[in-house]
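Just below is one structure, and these are the notes that go with it.
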Amino acid sequence: MNEAVATLDGWYTYHDFRTLNWPAWRAAKPSVRQEAVAQLLAFAEKNNQVQRNRQGAYGQYAIAGHKADLMFMHMRPTLAELNQVKTEFQKTRFADYTISNYSYISCVELSSYLAKPGVNVDEDPYLQSRLKPVLPDTQSVCFYPMNKRRAGADNWYMLSMKERQEMMKSHGMIGRKYGDVVTQLITGSQGLDDWEWGVTLFADEPLMFKKLVYEMRFDEVSARFAEFGAFYVGTRLSGSQMHTYLQV
Ligand code: 76R
């Protein structure tokens, strides 16, 4: 068997994409809308508190284009907790006006391709902050799932550890050029969802997503081996922005 890469695994992650049923929302009685918004804001506040307590992470975003209206992003130490979060949301009156058209389940993953040996993971503050992150409060977010190709001569999983390591080095170098303007969060989803990884990128300026992803396409890891699912891009919503967003 080929040598598998060791991974460090952090919090479970739930990207929850929702489309708002605008006609139903507009037609709802103002008192019902008010109750729905209040319940949604309370849900958000509870999740923000979880993030402040470092027991999980939370972000809410308005998604551009037709694929979804909103994305709620949750992180928790266990899958059971993520399921509780989902159920809690479903029980809000607000959820009655949403359609769940996409979601993604994964788990924070740091691969060891470029890791320094001999680090004590549990006591390394940098690694801990990446495995159990606070979501960056940038203006924009980008999410897409991806695989590494397994086809004929282009089978990532049949390459030697050394070959993969070298390619990941080049990948990391390109990524690092954008380190100041884009924060990347790689979550692994082998055995958890339909693709192998979720890629969540955070930046103030969405053009940086385009520049980074485009430049990476020319790098061998992406050019030869990456296969991508649908891309979602959007902007962060504070509590008051969510309030405004839902006003009709
Ligand atoms: O963890 C680290 O930051 C160390 C270097 C590094 C690893 C191991 C790194 C850096 N990545 C790693 C792993 Mn990445 N990354 C992607 C995408 O669109 C595409 O072409 C691919 C999607 C982007 C945009 C991106 C950005 N990375 C991975 C893995 C796991 C691979 C495996 O285990 O086989 C995937 C799937 C993946 C995909 N990467 C960086 C970035 C950026 C911006 C960095 C630099 C981070 C920084 O130094 O600040």
Side-chain angles (χ1 to χ4, degrees), residues 1-11 13 15 73 75 104-119 121 124-138 140-151 154-234:
M1 187 187 136
N2 200 5
E3 185 183 349
V5 64
T7 59
L8 297 177
D9 302 288
W11 278 343
T13 308
H15 292 76
M73 185 172 168
M75 300 178 103
Y104 206 78
I105 297 292
S106 53
C107 185
V108 181
E109 177 185 300
L110 302 179
S111 74
S112 59
Y113 286 122
L114 308 177
K116 291 186 223 108
V119 177
V121 178
D124 188 286
Y126 170 73
L127 289 179
Q128 286 300 313
S129 76
R130 289 197 60 191
L131 293 167
K132 304 168 185 176
V134 173
L135 297 189
D137 60 356
T138 57
S140 314
V141 71
C142 173
F143 171 80
Y144 53 100
M146 66 172 286
N147 289 340
K148 291 240 169 117
R149 190 165 294 137
R150 284 178 284 133
D154 294 337
N155 187 331
W156 174 257
Y157 297 90
M158 296 298 283
L159 298 179
S160 70
M161 172 56 93
K162 193 160 174 287
E163 283 171 294
R164 280 176 281 141
Q165 217 156 22
E166 263 158 32
M167 282 191 226
M168 287 311 292
K169 204 163 157 188
S170 164
H171 168 84
M173 303 249 278
I174 294 182
R176 230 177 290 155
K177 289 207 281 184
Y178 292 84
D180 292 344
V181 286
V182 180
T183 303
Q184 132 264 31
L185 177 69
I186 301 299
T187 50
S189 39
Q190 299 86 347
L192 301 178
D193 215 321
D194 298 344
W195 296 76
E196 292 171 346
W197 289 277
V199 179
T200 312
L201 306 174
F202 299 88
D204 282 322
E205 173 49 66
L207 188 61
M208 291 303 138
F209 300 141
K210 178 178 180 298
K211 286 188 176 298
L212 166 62
V213 172
Y214 193 17
E215 187 169 348
M216 274 192 177
R217 292 288 161 100
F218 292 94
D219 185 56
E220 195 170 2
V221 180
S222 298
R224 237 178 107 193
F225 295 103
E227 290 170 351
F228 300 98
F231 281 65
Y232 292 81
V233 68

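Keep in mind that this is a model prediction, so the values were computed, not measured. Start at 1 and go down the list; that is how both ligands and their atoms are numbered.
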Between Gln165 and Lys169, a side-chain donor and acceptor under 3.5 Å:
no

Protein N/O near ligand 1 N/O, under 3.5 Å, which pairs?
residue: ligand 1; atom: 1 (O); partner: Arg130; partner atom: NH1; Å: 3.1
residue: ligand 1; atom: 1 (O); partner: Arg130; partner atom: NH2; Å: 3.2
residue: ligand 1; atom: 3 (O); partner: Arg130; partner atom: NH1; Å: 3.2
residue: ligand 1; atom: 3 (O); partner: Arg130; partner atom: NH2; Å: 3.4
residue: ligand 1; atom: 11 (N); partner: His171; partner atom: NE2; Å: 3.0
residue: ligand 1; atom: 11 (N); partner: Gln184; partner atom: NE2; Å: 3.2
residue: ligand 1; atom: 15 (N); partner: His171; partner atom: NE2; Å: 3.0
residue: ligand 1; atom: 18 (O); partner: Tyr144; partner atom: OH; Å: 2.6
residue: ligand 1; atom: 20 (O); partner: Ser222; partner atom: OG; Å: 2.6
residue: ligand 1; atom: 27 (N); partner: His171; partner atom: NE2; Å: 3.0
residue: ligand 1; atom: 34 (O); partner: Lys148; partner atom: NZ; Å: 3.0
residue: ligand 1; atom: 39 (N); partner: His171; partner atom: NE2; Å: 3.0
residue: ligand 1; atom: 39 (N); partner: Gln184; partner atom: NE2; Å: 3.1

Kindly confirm or rule out a cation-pi arrangement of Arg164 over Phe225, judged by NZ or CZ under 6.0 Å from the six-membered ring centre and within 45° of its axis?
no

Would you compute the distance between atom CG of Leu131 and atom CG of Leu8 and round it to the nearest 0.5 angstrom?
5.5 Å

In terms of relative ring orientation, are Phe231 and Tyr144 parallel, tilted or perpendicular, with 30° and 60° separating the classes?
parallel

Do the non-hydrogen side-chain atoms of Pro145 and Asp194 ever get within less than 4.5 Å of each other?
no

Which pairs would a plain distance check flag for residues 155-162, meaning a side-chain donor or acceptor within less than 3.5 Å of a matching protein atom at least two apart in sequence or in another chain?
residue: Asn155; atom: OD1; partner: Tyr157; partner atom: N; Å: 2.9
residue: Asn155; atom: OD1; partner: Met158; partner atom: N; Å: 3.4
residue: Tyr157; atom: OH; partner: Glu196; partner atom: OE1; Å: 2.6
residue: Tyr157; atom: OH; partner: Glu196; partner atom: OE2; Å: 3.3
residue: Ser160; atom: OG; partner: Glu163; partner atom: N; Å: 3.1
residue: Ser160; atom: OG; partner: Glu163; partner atom: OE1; Å: 3.2
residue: Lys162; atom: NZ; partner: Glu166; partner atom: OE2; Å: 3.4

